[in-house]
Every structure is written in structure tokens, then in C-alpha cells.
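See structure below.
The first residue in the sequence is number 1, and the count goes up from there. Computed over heavy atoms, backbone and side chain alike; hydrogens, waters and symmetry mates excluded. Since we're looking at a predicted model, the values are computed, not measured.
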Amino acid sequence: MEKRTLGKTGYEVSVLGFGAAPAAFLDSDKQTAAAMVEALLDQGVNLIDTATSYPGSHEFLGEYLSHRRDDFVLVTKCGGKMPDIDAPDWSERLITHAVETALKTLKTDHLDVMLLHTCDLATLKAGEALGALVKAREAGRVKFIGYSGDNEAAVWAAGRPEVAVIETSVNIVELNNIDTVLPACLANNVGVLAKRPIANACWRDAAQRKGIYRNYVTSYADRLATMELKPADLGYDGNPDEAWPSIALRFTLGQSDVTTAIVGTTNPDNATKNLRYASEGPLPAGAMDKIRAAFRAADPSAGWPGLT
């Protein structure tokens, strides 16, 4: 498994990371999902992404994966309302509580990375939320801090000296962050985690989707349709449903400033396929260029923002 340096953290992390949201949101067999994650760890995947807002995700990781804690970089996110504390979103009290709760539930003595989970630019600039994470870092509860989000908020966060990691949308129908957020991260040695790198499989029928995956499919599907791009245009023959996942993941990993692409699944077959796609390296330059050209033709005024 190829490794890349996660910016100023210095962590050497796999280009493919595991997103633990599905194990929480979908009606999955937890033991089967855990065995799948252990298999991914055994094959070199060493970054797991989760969040306090994914009900059951921290519990799943704590119960089934804490014995492998030394085998992966643990990234989680916080900031929004929590059911067990009456504190305002993005307040120091709530974020401090989120950190302590995460440590307990994940059964660990430290969090490798804690990100603010998609607050707006005004909240970032107010400083209380970031300041709370700085205090958690100074206390040794969190090693590195950062921001998960898109557009101008992510650009601003990437320029902050205390921010070490940005998680942002990068995929075949989310290119504006490539031109805005990624350069800011590169300039400041900030590690980049790409969320939704396979664009929520927007080429599939939305009626097939479950849970959280319905949230973005419609917008993404509309974008892909407007781009009028087919796998055959990129040199792929055969079933488009089989070609698109490879195209999408390899496109995201073809962005040199992306450190890790976060992919969540509870299907062991899909996990195995993702390992294969990641091992194949970036798409040929010609295919990368065609995707960018199709996106720009469909969105000439850069009006399609990153979907937070």
C-alpha cells in the first residue's frame, strides 16, 4: 500500500483510508464489518476516519478495533450538538466534552487528529472552537487538529498555523476544492484527507442508496449528467457500474496534494476492489484532463461549490 506524508503531522499514512460512518449508519453485521477492517489493516490501510456525529461509530471502533489501536492513525471530528450535554454548538465546553467522550468511547488515551466538523467561516474566525482544540492538544489529549469542510472556510483554515489537517471533498464532480483548498494546504504543509472520493457512486440509481448516502447523490448525479461524461470517453470498456468506481478513486488519488482518500463500506468485496483500484495508481494523464475539461465545460463560472 502506497504511503504519503500527512503534512506537518509527519504521519506516513496509506493513500486509502477507511471511513467508519457506514458501520454506524447502516444496518450492518458489526462482526463482519470489524473483520473487514482488520483485513484492511493487515493489507496496509493505516488511517481510520470517524466523527462524534456518526451514532455508533465510536462505539464500534472502541469495541471491535481498540486492540489494533497502534496499527492506525485515528481521525475523528466534533463540534455539533451532542445529546448528553447542554452546551452550544462549537463552544469550548461542548468541544472539550466531545474530546473526553471520544477518548472514553474509542478506548484510547489520545486522538491522533481531531477536526472541527464543518462549521462555517464565521465560526472558525470567532476562534472559540479552534481554541478549544488547541487546549486539548496542549493537554496531550489530541496530537494534531484541523478542519473538515469545503470552499472558503477550508481555505481559511488551511492558512492557520495551528491547523495540521484538512478534510475536504475531492472527486470527479467536486473539482473546485482542487483549485482552491488544495493549493492552500500545499502552501502551509497541511495534510489533505479527501472525503467522498468516489462521489457517493452517483452513477448508480439513487433508489438503491441507503441512509446518509442519499444526501449527496442527487446533486452529484445531476453534475455528472451535465458533464456528459461516460467511461468509454476515458478508455474504459464494459459495464459502467464496474468502471466508474475505479475511475473515481484513481482520479482523486491522482491529485498529488491529496494524502489519503477516505472510503467507507461494509461490503468486503467492495473493500477488496478499492484496494485494487488504489494500487493501480492515477488515471492516465489524458483521462484526468478529460474529466477536468468536462467539469469546466459543465460549470464554466465555477458555481458548483464543495458540498459540505
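- M288 has its side chain within reach of Q255: a pair of non-hydrogen atoms, C-beta onward, lies under 4.5 Å apart.
- With values rounded to the nearest 0.5 angstrom, L106 atom CG is found 8.0 Å from E59 atom CD.
- When each of K195, R196, K77 is checked for a salt bridge (Lys or Arg N to Asp or Glu O under 4.0 Å) with D49, only K77 meets the rule.
- T226 and A298 make their closest contact through CG2-CB, 3.7 Å (heavy atoms, listed as atom of the first residue, atom of the second, distance).
- Scanning for side-chain contact (heavy atoms from CB on, under 4.5 Å) contacts around N176 gives F295, R296, D299, A302, W304, with sequence neighbours left out.
- Using a 4.5 Å heavy-atom threshold, the side chains of L283 and I291 count as touching.
- Between A157 and L124, the shortest heavy-atom distance links the atoms CB-CD1, 4.2 Å.
- When atom types are taken as modelled, the side chain of R4 and the backbone of V258 share a donor-acceptor pair closer than 3.5 angstrom.
- For S91 (side chain) and L94 (main-chain N/O), a donor-acceptor pair under 3.5 Å exists by modelled atom type.
- D150 places a side-chain N or O within 3.5 Å of a backbone atom of S169 that can act as its donor or acceptor partner.
- Put simply, the side chain of S66 does not reach to within 4.5 Å of the side chain of L61, judged on heavy atoms.
- Considering all non-hydrogen atoms of both residues, A153 and Y147 come closest at CB-OH, 3.4 Å.
- With salt bridges taken as basic N to acidic carboxylate O contacts below 4.0 Å, none links K273 and E242.
- Side-chain contact between T108 and L74: present, with at least one pair of heavy atoms (C-beta onward) separated by less than 4.5 Å.
- The main-chain N or O of A87 is found under 3.5 Å from a side-chain atom of K81 such that the two form a donor-acceptor pair.
- Listed by chain and residue number, S57 satisfy the side chain to side chain donor-acceptor pair (under 3.5 Å) test with T50 (two or more places apart in sequence, or in another chain).
- Side-chain atoms of K290 come within 3.5 Å of backbone N or O of D233 as a donor-acceptor pair.
- Looking only at distances, a side-chain donor or acceptor of N151 sits under 3.5 Å from a matching main-chain atom of G306.
- Screening T52, L130, D89, L133 against I95 for a side-chain contact (heavy atoms from CB on, under 4.5 Å) leaves a single residue, L133.
- Neither side chain, T272 nor D269, offers a donor N or O lying under 3.5 Å from an acceptor on the other.
- Proximity of I178 to R292: side-chain heavy atoms (C-beta onward) are separated by under 4.5 Å at one or more points.
- For the pair D42/D71, no side-chain contact is recorded, criterion being any heavy-atom separation below 4.5 Å from C-beta on.
- For S246, the side-chain contact (heavy atoms from CB on, under 4.5 Å) test picks out Y236, R250, Y277, E280, with sequence neighbours left out.
- Taking E12 as the reference, K3, T5 meet the side-chain contact (heavy atoms from CB on, under 4.5 Å) condition, with sequence neighbours excluded.
- Between E63 and K30, no side-chain nitrogen of the basic residue sits less than 4.0 Å from a carboxylate oxygen of the acidic one, so the salt-bridge criterion is not met.
- The nearest pair of heavy atoms linking P268 to T32 is CG-CG2, 4.4 Å.
- The line from CD1 of I166 to CG of D257 is 13.0 Å long, rounded to the nearest 0.5 Å.
- Here the CG atom belonging to L182 is positioned 8.0 Å from the OG atom belonging to S256, to the nearest 0.5 angstrom.
- By the 4.5 Å side-chain criterion applied to Ile, Leu, Val, Met, Phe, Trp and Tyr, V165 is assigned to a cluster that also includes L6, Y11, V13, L47, V73, V75, V113, L115, F144, L193, I262.
- Residue H110 comes nearest to G140 through the heavy atom pair CB-O, 4.1 Å, listed as atom of the first residue, atom of the second, then distance.
- Taking every heavy atom of both residues into account, L249 and A261 meet most closely at CD1-CB, 3.9 Å.
- Within the 3.5 Å criterion, the main-chain N or O of C185 finds no donor-acceptor partner in the side chain of N188.
- Judged as a side chain to side chain donor-acceptor pair (under 3.5 Å), and not counting sequence neighbours, the contacts of T101 are H97.
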